[in-house]
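Working notes, beginning with the structure itself.
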Amino acid sequence: MRYPIFLAGLIILIILALAFSTMAGFREVFEKEFLSKPWEVQLSEESACIGCHTSDIMRSEFQEIPQEWRKSWHYQNNVSCHDCHGGDREDATMSMSHQRGFVGTPKYTEVPDFCGKCHIGILKNYLKSGHGMAAATSKKGPNCVTCHGSHNIQKANIDIINERLCTQCHSYERAKIMKQALFVTENQIKDVDKGLVYLQSKGLYIENEKKELFRTQAEFHTLFHAIDVQLVQDSTDEFTKRLNILEGEIKDTFDEIDFRQNFSAFLMLVFAGLGITIFLYSKTYMD
Amino acid sequence: MWEKIKKGIEVRTGLGELIKKKQHEYQVPKDTNIFYTLGIIALVAYMIQAVTGYFLLIYYIPHSDHAFRSIQDIMNTVPFGWLIRMVHIVVSSLMVIIILLHLISLFIMGSYKKPRELTWLAGGCLLLVVLMFCLSGYLLPWSQRSYWATTIATNMPTAFPVIGDFIAKGLRGGDYISGITLTRFFAIHVAFLPPLFLLLIGLHVFLVTRIGLSTPAFSKSAEDEKPWTEYRPVSHTNSYPFYPHFVLKEAFMITAFLAVTFFLISFMPTLFIPEAANTPADPFKTPAHIKPEWYFLAPYQMLKLIPNKFFGITLQLILVVILLLWPFFDTKKERNILKRPVLLSVFLLLLAMWIILTVWGRIS
């Protein structure tokens, strides 16, 4: 009796497995076509640029580039090799094709336009500034990489204005005045940023505030590139006002966290009290 | 008015009389300890998960483009959405702890022995279903942590030769975690697992009610010693009615469980939601030190330590099968584990290994 039941079960199982596997194949194709578009791109780690630049065929100084890039602010914000240098990251044979937009390493004088493809506002102010004009006339003046470096680019802050860097070209005195003009607003930006990071760690959604801070910070840093102390001082009030609004929102969110903590602590006490009452009641009942 | 309705229902169904009779008829050993209430706490935890889950379903969007945002809306825009989600998260972990404690206490008290083998088996299967609930629910917020922890978890079956890749691919719906995986895990979490859980819990409660609660192996009172050649409800030498004595004990433990839940939400809100859980999933960026959730740390660490992955995963499966079928292997009559030094040593060794592997997995 057992044998036929086992055999019938096995046959049904095989039929179901076959049917399921063919269905699964069709569904896979369907889902890949229609459902997974945002996620079907290859991981950036697998790009042709990195594949070559980390292999032994590359000169050692070029091999270090991916490592430097991985430590950069660009990497943290998904800015990859081809975003600046062009080319085809998915096809190794065409990765350095000019037809695919490859521009390679820019010449020193081309650097501002190279970075300015994305940092448009900064480029505009830089070209008007003493730095930009010096670079345009002498071909030796400071450009983006002089202060920010190339591949290991870090998130910009006022510490970049320092004696070691500035005295490469001129005295530190004027730079120091500029740094002082930026100081208060920059510190307020740092405080707001710290507050937002804390709120995010507490599970609060702060995407809108983060975007607003990013906008404010970017505009403020754009302003700095004009190297005009008066302009920075005149605009400080406007930035302070915007940052104060953000600080107010952060404070409200801190209040919300306090409310959540107090409310759940209240529920905890309610259940603890209820538990004690039941316990005491059960004792008297037993007696 | 209310009394009238109550009486009307009672006259037509006799429900009150039935409940009253059953509650008084069902006898519970007098020396049951608090560990006997862990089963009902697990059931209450499941009910909390179901109710909070229904509320989350109203606002959650199971799509890779919207899932993270919808969770953030639940946490920050929906009135008291944060409370519902926090309860869902905290209770999910507490539920695993409660079921593990339930299993360990029953093992120590020898409550799995004849005629309760099937009760143990159903309980063991319930633990596996709860772990599947946790695994499938973990991906749903579509955060960095859930994305990469699920990547690790779905990588584990690849240790199997031939069918390993097939299983992993079947789980993910492709070579890596994508929107397809999210919809699959969502379907498993809300449609496939709940009826399975209810079926198993129904069987478990039915068996507990039919056979009766076991007497603790270390107590003075005892169950009847007659051999189990045919079905009979167990009779205790020293017992009292289920209601109100045992019900009050259970009610006390349930309130204690809820107090602990709200304590964790109030004072340790980030214990189960670290920062990586608040960052949207990004397949381009692998976060440093990503790990599976605490209940999967021991098997994860074990797989890391054993050089042959196939051997590692087979060993784990064998251990799970032994755990589930243990009552059928252990046919000795002696229930007191203290009188069985070999079994006690093996049990303590395995428990210590599990704890060490979990801590090791956490800090490594």
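In what follows, every heavy atom counts, from backbone to side chain, and hydrogens, waters and symmetry copies are set aside. Each chain gets a letter, A, B and so on, in the order the sequences are listed, and its residues count up from 1.
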Heavy-atom donor-acceptor pair, B:T255 side chain to A:A272 backbone, under 3.5 Å: no
Between CD1 of B:I265 and CE of A:M268, what distance do you get to the nearest 0.5 Å? 11.5 Å
Got more than 12 heavy atoms from elsewhere within 6.0 Å of CZ, B:F272? yes
If you draw a 6.0 Å radius around OH in B:Y243, do more than 12 non-hydrogen atoms from other residues or ligands fall strictly inside? no
Looking at A:K117, I'd like to know if its NZ atom is crowded, meaning that more than 12 non-hydrogen atoms belonging to other residues, nucleotides or ligands lie closer than 6.0 Å. yes
Of the non-hydrogen atoms in B:M75 and A:R260, which two are nearest, and what is the gap between them? O-NH2, 2.5 Å
Assess whether atom OH of B:Y26 is packed by more than 12 heavy atoms of other residues, nucleotides or ligands within 6.0 Å. yes
Which class fits the ring pair A:F279 and B:F252: parallel under 30°, tilted 30 to 60°, perpendicular over 60°? tilted
What one should report as the nearest heavy-atom pair of A:Q261 and B:S266 is O-OG, 2.8 Å
Looking only at heavy atoms, the pair that brings A:Q200 and B:T279 closest together is NE2-OG1, 4.3 Å
Heavy-atom pairs under 4.5 Å with chain A are the metric here; pick the option from B:F267, B:F80, B:F257 that has the most. B:F80
Taking atom OH as the centre, does B:Y59 end up with more than 12 heavy-atom neighbours from other residues, nucleotides or ligands that are less than 6.0 angstrom away? no
Rounded to the nearest 0.5 Å, what separates atom CG in B:L248 from atom NZ in A:K283? 11.0 Å
Check whether A:Y198 gets within reach of chain B through its side chain, its backbone, both or neither, counting any heavy atom under 4.5 Å. neither
Identify the heavy atoms of B:L83 and A:F263 that sit nearest to each other, and give their distance. CD2-CE2, 3.7 Å
Check whether B:A251 gets within reach of chain A through its side chain, its backbone, both or neither, counting any heavy atom under 4.5 Å. both
Can you establish whether the number of heavy atoms outside A:F214 located under 6.0 Å from its atom CZ is more than 12? no
Is there side-chain contact between B:I254 and A:I278, with heavy atoms separated by less than 4.5 Å? no
Over 12 non-hydrogen atoms of neighbours within 6.0 angstrom of CZ in A:F259: yes
